[in-house]
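Here the structure comes first, spelled out in structure tokens, and everything after it is commentary.
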There are 2 protein chains.
Amino acid sequence: MSHLHSNPLSTPSTPVQVHTEFLSASDAARLVARVGVEACLRQMVQALEADFARWSDFDKTARTAAHSAHGVIELMPVADAQDYAFKYVNGHPINTQHGLPTVMAFGALADVATGTPRFVSELTLTTALRTAATSAMVARRLARPNSRCMALIGNGAQSEFQALAFITLLGVRRLQLFDVDAAATAKLQRNLAPFAAQWNVDVVVVPSVAAAVQGGDIITTVTADKRNATILTADMLAPGMHLNAVGGDCPGKTELAAEVLRRSSVFVEYEPQTRMEGELQQMPADFAVTEFWRVLAGQAAGRVSDAQITLFDSVGFALEDYSALRTMQALGREAGLLSQIELVPALTDPKDVFGLLRQAADGEQRILKKVA
Amino acid sequence: MSHLHSNPLSTPSTPVQVHTEFLSASDAARLVARVGVEACLRQMVQALEADFARWSDFDKTARTAAHSAHGVIELMPVADAQDYAFKYVNGHPINTQHGLPTVMAFGALADVATGTPRFVSELTLTTALRTAATSAMVARRLARPNSRCMALIGNGAQSEFQALAFITLLGVRRLQLFDVDAAATAKLQRNLAPFAAQWNVDVVVVPSVAAAVQGGDIITTVTADKRNATILTADMLAPGMHLNAVGGDCPGKTELAAEVLRRSSVFVEYEPQTRMEGELQQMPADFAVTEFWRVLAGQAAGRVSDAQITLFDSVGFALEDYSALRTMQALGREAGLLSQIELVPALTDPKDVFGLLRQAADGEQRILKKVA
């Protein structure tokens, strides 16, 4: 009954009001600024690990995607026996030309028992955090423990979050930055400056992908073009590298040469979705990969040698948004930053949706009388 | 550019603010009460006919459904070249025991060109209206033109809307009501009383399904149990009837005997979805049906004789929610009943999502200084 949030004493004259909590875009920014990016990332990784560890509890589907000339709009649902979560998210690299983010997102948590929406949230900032938190969760299991140098290729909206996740949760102490857009790199450098000072990190801007990869223990690619690009080629690889490939995430959008995959042990979130959307779309259907939850659960090996090249073909899976939503809801409640949104009508008699109109009409009459 | 809503004069110091309109549950009730149910239904039918007539413009998929013991939660997306729409909706017949509606819904409209969410709305009341409007749109083409008597079997949350749609848009002047729950029927009768008086409609309560069907020109079934029920059997049918079968709308939830379908010409919204969810789930894969848009477009025959039995196997399709969302948005704007919801962060530099945290931290600092 605790999930139903109904009033057992309610009579026909007491409407049951559904309370849906809301975290707005600016309150989410306020929340993360107050709690701290590091603490948010840490809590999100905890939630992610807890949820990935009980993988079989979840009803999973590949997201639905509506593709258009310049982008994609997706819905990403997931559910366990208690909670249902979904995210709306777009991907439009062209948006930045109009002052809009490439990725915008929002979503909700609902009760599986009744379908009641309990929490609606911005997910633009939250998606940036959860994507970085997921990369960190995976790299903690797959990168060599002494990884200190990371190449960061693609210095757009996601790059600061990746950098901070790897600095604070993996111990990265040198970043080698590259982007075809020098302004993006300059922005990343500016944003990282206080953290670089605090954590004693060398942040170096380099003139090419090859220079960024050179000497890297971890190679993070987060480019945004919606096309089959070849950012990384096999000749750039060195033994022991961990590749954190984040940018290739929908059909026709990849970042790696096929040979890079063939030279690596490839780990994925949810295999059926990654086959369609990830770097994996380039490979034959029987190309072997490991779902990462199996490593977490001790069912599959992660890294087995210092020379092995590991590759996380990240596309973003709905379960991560569930973990992120519940983290932000909990943090938002603690911080008193959640408001309410009136999504569901309060019904005196649940079979009498029509009664809402009578109530509303009565209300309007009262207003008219007051005005008169 | 008009769809982008960005400021072409914006400089790096002017954040681009996305404006997302919001229609809350109580404002939706206020809106319908003010505009009038009849006018809302009429405008929704106009929008539905316009959208169904350009069926091939839309990117269509069957909805995704998460089934649990007592219900289902669904996401219903649809898009054309300009607009993307989706609805979140549940179906939990058990909810009424806890004072909650069986069906709760909300959804959004977004720009395909950029992915920007433009409108978020309650869709509980709106879904009730659009389902009835869809039934009316279809019956106007399929029922005999002189249909005056309608059986209304299932007198729950959807029933008033069906009754009013058929009274005002089809010319129904006699309603024969039946429900296993006498309280539901009494509620329906109370709610209909003023309209029955205004439109000169006989509203008659009958003791059985068979009595409701007897003499009916149109048979509307809107029962809610999530099981394979047999509300209508073939022996109840009479030549010329139009069956408006609304309640059977997910796997394992049907209302009609298979023989009823075999004796009828069956019309559906979107065939791939209805095969899974409608009365059609009982029939072999090659059982012939007609997608209704083809009747509207003049590509298929509707009713061809006065003796024919026509059957609309209604399950509810995402396109109807798009029509409903744009109708409510337009009506809400006219009535000044839309508010704003801050779903998307305002970015000074669209590649600098991280900058939000700096802005938010600065804001918190200013607040702390003020307090100090």
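The chains referred to below are lettered A, B, ... by the order of the sequence lines, with proteins before strands, and numbering in each begins at 1.
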**Message:** Please give me the minimum heavy-atom distance between B:Ala33 and A:Leu357, naming the atom from each residue.
**Reply:** CB-O, 3.7 Å
**Prompt:** Where on B:Val37 is there a heavy atom nearer than 4.5 Å to chain A: the side chain, the backbone, both, or neither?
**Reply:** side chain
**Asked** Among B:Val103, B:Val344, B:Ile94, which has the most heavy-atom pairs under 4.5 Å with chain A?
**Response** B:Val344
**Prompt:** Of the backbone (N, CA, C, O) and the side chain (C-beta and beyond), which part of B:Phe354 lies under 4.5 Å from a heavy atom of chain A, both, or neither?
**Reply:** both
**Request:** Measure across B:Tyr88 and A:Gly115 and return the closest heavy-atom pair with its distance rounded to 0.1 Å.
**Result:** OH-O, 2.7 Å
**Item:** Over all atoms of both residues, closest heavy-atom pair of B:Ala25 and A:Pro345
**Value:** CB-N, 3.5 Å
**Message:** Report which part of B:Leu164 has an atom under 4.5 Å of a heavy atom belonging to chain A: side chain, backbone, both, or neither.
**Reply:** side chain
**Asked** Using non-hydrogen atoms only, which part of A:Val18 is less than 4.5 Å away from chain B: side chain, backbone, both, or neither?
**Response** side chain
**Fill in**
Looking only at B:Leu347, B:Asn191, B:Leu356, most heavy-atom pairs under 4.5 Å shared with chain A are made by B:Asn191
**Item:** Inter-residue atom distance B:Thr20.OG1 - A:Glu122.CD, 0.5 Å rounding
**Value:** 11.5 Å
**Request:** Name, in order of residue number, those residues of residues 335-343 of chain A that have a heavy atom at a distance of less than 4.5 Å from a heavy atom in chain B; otherwise write 'none'.
**Result:** A:Ile341, A:Glu342, A:Leu343
**Complete:** Of all heavy-atom pairs linking A:Lys351 and B:Lys187, the shortest is O-NZ, 2.8 Å
**Proximity breakdown for B:Ala28 and chain A, heavy-atom pairs closer than 4.5 Å** = neither
**Fill in**
Greatest number of non-hydrogen atom pairs under 4.5 angstrom with chain B, of A:Leu75, A:Asp59, A:Leu23, falls to A:Leu75
**Prompt:** Given the options A:Thr124, A:Ile73, A:Val353, which has more heavy-atom pairs under 4.5 Å with chain B than any of the others?
**Reply:** A:Ile73
**Prompt:** Would you say B:Glu160 and A:Asp352 make side-chain contact, with heavy atoms under 4.5 Å?
**Reply:** yes
**Complete:** Applied to residues 113-132 of chain B, the ring pair (Phe, Tyr, Trp, His ring centres under 6.0 Å) test, sequence neighbours excluded, yields none
**Message:** Can you tell me which portion of A:Thr61 sits under 4.5 Å from chain B's heavy atoms? Options are side chain, backbone, both or neither.
**Reply:** neither
**Asked** For B:Phe86 and A:Phe86, what are the C-alpha separation, side-chain angles and deciding distance, and is it a ring pair (Phe, Tyr, Trp, His ring centres under 6.0 Å)?
**Response** CA-CA 12 Å; B:Phe86 82 88; A:Phe86 82 89; 5.5 Å; yes
**Request:** For A:Pro350 and B:Ala157, work out which heavy atoms get closest and say how close.
**Result:** O-CB, 4.4 Å
**Prompt:** With only heavy atoms counted, which part of A:Ala346 is less than 4.5 Å from chain B, the side chain, the backbone, both or neither?
**Reply:** neither
**Prompt:** Which one, B:Arg34, B:Arg358, B:Gln97, leads in non-hydrogen pairs under 4.5 Å with chain A?
**Reply:** B:Arg34
**Asked** Nearest heavy-atom pair of B:His92 and A:Thr114: which atoms, and what distance?
**Response** ND1-O, 3.4 Å
